[in-house]
Novice: 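Right, I'll just put the structure down here and ask away after.
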Amino acid sequence: MTEVRIEAARHANPLTFLPGNIPISEHIGRLLGSGGEFVACYCDLNDFKPYNDHYGYWRGDEMIRLVARTLASHCDPRRDFVGHVGGDDFVVLFQSDDWMQRCEGIISMFNESALSLFDEQALQRGGIEAEDRHGVMRFFKCTTLSIGAVPVRPGVFSRPEQVASAAAAAKHKAKSSHVGLAVEGSD
């Protein structure tokens, strides 16, 4: 048991203590090998970089830990898996049948809770002034969470990286459409 704990700690994200890339890939591989259905979700913060730049890494770390706590609180530890890819990127592998309601609850709870990490002026304005990735000052809304979900059915994917790529594409769809939750294959 001690060796298992040491191995788990070696691959855990030091900020959230959640499993990192290697355990995420291994778990996806196990799920694919079992032949059952599951849902792979890629979670990412909207406008996190401006928040982190404006308030500093200490408050940025608080927001990342808030994501981790919110995800964990909405998952069944006997059926679901939460991993931290790095930065503000997380993966959830749902075997719970009510995964969509769980995702909606995650987004709602996080978006509400994250407001407590902004100062009063930002709350009144609905966001902050910060530099974008090109060094231009502009307005960014308060940080929210997007989730891209991919239902994984037997025989569709053969390798963990295929599942991860599909979930990342669904996450991109959720972020670019500002819908919060995008399920691959839905309009």
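Numbering of residues begins at 1 and proceeds along the displayed sequence.
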Novice: Looking only at heavy atoms, what is the nearest atom pair of Tyr42 and Ala167, with distance?
Specialist: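 Minimum heavy-atom separation between Tyr42 and Ala167: CB-O, 3.5 Å.
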
Novice: Over all heavy atoms of both residues, which pair between Pro50 and Ala130 is shortest? Give the atoms and the distance, please.
Specialist: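 That closest heavy-atom pairing would be CB-CB, 3.8 Å.
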
Novice: Can you measure from CG (Asn21) to CD (Glu26) and round to the nearest 0.5 angstrom?
Specialist: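 Interatomic distance, Asn21 CG to Glu26 CD, rounded to 0.5 Å: 11.0 Å.
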
Novice: Tell me whether the count of non-hydrogen atoms from other residues, nucleotides or ligands lying under 6.0 Å of NE2 in His172 goes above 12.
Specialist: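 Counting other residues, nucleotides and ligands, NE2 of His172 stays at 12 neighbours or fewer.
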
Novice: Any side-chain heavy atom of Asp97 within less than 4.5 Å of one from Arg79?
Specialist: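 They are in side-chain contact.
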
Novice: Under the side-chain contact (heavy atoms from CB on, under 4.5 Å) criterion, do Met100 and Leu181 qualify, and how do the steps go?
Specialist: CA-CA 9 Å; Met100 189 170 297; Leu181 174 62; 4.0 Å; yes

Novice: Tell me whether Glu37 at atom CD has more than 12 heavy atoms from other residues, nucleotides or ligands lying less than 6.0 Å away.
Specialist: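 Buried by this count: over 12 neighbours within 6.0 Å.
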
Novice: Under 4.5 Å between side-chain heavy atoms, hopping through other hydrophobics if needed: is there a path connecting Val67 to Val85?
Specialist: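 They do not share one cluster, since no chain of ILVMFWY contacts under 4.5 Å joins Val67 to Val85.
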
Novice: Determine yes or no for a side-chain-to-main-chain donor-acceptor pair under 3.5 angstrom, with Lys171 supplying the side chain and Ala182 the backbone.
Specialist: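 Not confirmed, Lys171 side chain does not pair with Ala182 backbone.
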
Novice: Check Phe118 against Cys142 and note the closest heavy-atom contact, atom names and distance.
Specialist: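 For Phe118 and Cys142, the tightest heavy-atom pair comes out as CZ-CA, 3.6 Å.
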
Novice: Using a 4.5 Å cut-off on heavy atoms from C-beta on, say whether the side chain of Val150 contacts that of Val163.
Specialist: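 Side-chain contact under 4.5 Å: no.
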
Novice: Can you check whether Ser113's main-chain N or O pairs, donor with acceptor, with Ser116's side chain at less than 3.5 Å?
Specialist: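 A pair under 3.5 Å: yes.
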
Novice: So, does Asn46 use its side chain to make a donor-acceptor pair with the main chain of Thr143 at under 3.5 Å?
Specialist: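 No, Asn46 side chain to Thr143 backbone: no donor-acceptor pair under 3.5 Å.
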
Novice: Checking side-chain contact (heavy atoms from CB on, under 4.5 Å) for the pair Asp80/Trp99: CA distance, chi angles, key distance, verdict?
Specialist: CA-CA 9 Å; Asp80 306 324; Trp99 63 269; over 6 Å; no

Novice: Hey, are the side chains of Phe90 and Thr16 touching, using non-hydrogen atoms and a 4.5 Å cut-off?
Specialist: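 In contact.
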
Novice: Show the nearest heavy-atom pair for residues Phe94 and Cys75, with the distance to one decimal.
Specialist: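 Distance-wise, the nearest heavy atoms are CE2-SG, 3.8 Å.
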
Novice: Carefully, step by step, assess Ser108 and Glu104 under the rule side chain to side chain donor-acceptor pair (under 3.5 Å).
Specialist: CA-CA 6 Å; Ser108 176; Glu104 290 167 349; over 6 Å; no

Novice: Quick check: closest heavy atoms across Tyr57 and Asn52, and the distance to 0.1 Å?
Specialist: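 Closest approach of Tyr57 to Asn52, heavy atoms only: CA-OD1, 3.4 Å.
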
Novice: Does a side-chain heavy-atom distance below 4.5 Å link Pro19 with His27?
Specialist: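 With C-beta onward as the side chain, the pair stays apart.
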
Novice: Any sub-3.5 Å donor-acceptor pair from Ser73's side-chain atoms to Thr70's backbone N or O?
Specialist: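 Between the backbone of Thr70 and the side chain of Ser73 there is a qualifying donor-acceptor contact (under 3.5 Å).
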
Novice: Side-chain heavy atoms nearer than 4.5 Å, only ILVMFWY residues, links allowed to pass through others: does that put Ile147 and Val152 together?
Specialist: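 No, separate clusters.
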
Novice: Contact between Phe38 and Leu32 at the side-chain level, heavy atoms closer than 4.5 Å - yes or no?
Specialist: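 Yes. Closest side-chain heavy atoms under 4.5 Å.
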
Novice: Taking the side chain as everything from C-beta on, heavy atoms only, tell me whether Leu117 gets closer than 4.5 Å to Tyr55.
Specialist: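 Not touching, per the 4.5 Å side-chain cut-off.
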
Novice: With side chains defined as the heavy atoms from C-beta onward, is the minimum distance between Met63 and Asp88 less than 4.5 Å?
Specialist: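 No, too far: nothing below the 4.5 Å cut-off.
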
Novice: Taking Leu15 as the starting point, is it possible to reach Leu66 by hopping between hydrophobic residues whose side chains are less than 4.5 Å apart?
Specialist: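 As far as the 4.5 Å side-chain criterion goes, Leu15 and Leu66 are connected within one cluster.
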
Novice: If I compare all heavy atoms of Asp119 with all of Ala122, which pair ends up nearest, and what's the gap?
Specialist: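 It is OD1-N, 2.9 Å.
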
Novice: Give me the one residue out of Val92, Ile24, Leu31 that meets side chain to side chain contact (heavy atoms under 4.5 Å, CB included) with Phe81.
Specialist: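 Among the candidates, only Ile24 passes.
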
Novice: Would you mind checking if Arg59 and Glu62 are paired as a salt bridge, meaning a charged N to carboxylate O distance below 4.0 Å?
Specialist: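 No, Glu62 and Arg59 are not salt-bridged.
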
Novice: So Tyr51 and Phe48, would you call those rings parallel, tilted or perpendicular, with 30° and 60° as cut-offs?
Specialist: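 Geometry flag for Phe48 against Tyr51: parallel rings.
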
